[in-house]
Amino acid sequence: GESVGLHLPTLSVQEGDNSIINCAYSNSASDYFIWYKQESGKGPQFIIDIRSNMDKRQGQRVTVLLNKTVKHLSLQIAATQPGDSAVYFCAENSWNAGNMLTFGGGTRLMVKP
Amino acid sequence: EAQVTQNPRYLITVTGKKLTVTCSQNMNHEYMSWYRQDPGLGLRQIYYSMNVEVTDKGDVPEGYKVSRKEKRNFPLILESPSPNQTSLYFCASSHMTSEGETQYFGPGTRLLVL
């Protein structure tokens, strides 16, 4: 597969540990946030989303936390598995910007067996 | 199977030779968009379309054209490609519900302009 980027921050975790991937955003008008997972050679895949009227949302093994005060978003993956190895992107959307998603630069998660 | 398809997946061309990358979705989504992905820059939106015959510029529209004559298709056109358009391109489609919006991405098209 193709590497997504040469300058991505990388998070390396042991299989079974919890992972926390962080994202900072700058637009205080952003009201909808999404986390995507991109495996090598594939397009981004939706993981979980959260609206600005919430500060936490849980999915299967994943939790997204939103702190609007400091414009910070995090993705927590519980019991990280080798299949979680990928690049993770956060994206933000504000309705006053139409339907345009703005993506963060991405973080590469590497899971050690 | 619900999916977004792109063709071609890989393309090598020369400066100035017009090319089209096709995108098709089978989910009856109103919204479609094109992104390019470059190292260190993440995903940047090129153009998007809210519905048939409705298109608008994204962050980096220069050098690109799009059309939306049918709901399912959203081709990306490079009239006169240049080396700085060498990139990985993704098409996406989405549908808005009360729960929010989920974008479905195509598999990507890797373009090399010599």
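Being a predicted model, the structure only gives us computed values, none of them experimental. Naming convention: chains lettered A, B, ... in sequence-line order (proteins, then strands); numbering from 1 in each chain.
- The side chain to side chain contact (heavy atoms under 4.5 Å, CB included) test with A:Pro44 singles out one residue from B:Tyr104, B:Phe105, B:Tyr35, and that residue is B:Phe105.
- Taken together through direct or relayed side-chain contacts under 4.5 Å among Ile, Leu, Val, Met, Phe, Trp and Tyr, A:Ile34 and A:Ile50 form parts of separate hydrophobic clusters.
- Considering every non-hydrogen atom in both A:Phe89 and B:Gly42, the closest pair reads CE2-CA, 4.2 Å.
- Note on B:Tyr31: it does not cluster hydrophobically with B:Ile46, by side-chain heavy-atom contacts below 4.5 Å among ILVMFWY residues.
- In this structure, no portion of B:Asp56 lies under 4.5 Å from any heavy atom of chain A.
- Residues A:Phe33 and A:Trp35 share a hydrophobic cluster, clusters being chains of Ile/Leu/Val/Met/Phe/Trp/Tyr side chains in contact below 4.5 Å.
- Hydrophobic clustering (ILVMFWY, side-chain heavy atoms < 4.5 Å, transitive): B:Leu111 and B:Leu43 are in distinct clusters.
- The closest side-chain heavy-atom distance from B:Gln103 to A:Leu101 is below 4.5 Å.
- Side-chain heavy atoms closer than 4.5 Å link hydrophobic residues (I, L, V, M, F, W, Y) into clusters, and following such links, even through other members, never connects A:Tyr36 to A:Val62.
- Residue B:Arg44 does not touch chain A at all, counting heavy-atom pairs closer than 4.5 Å.
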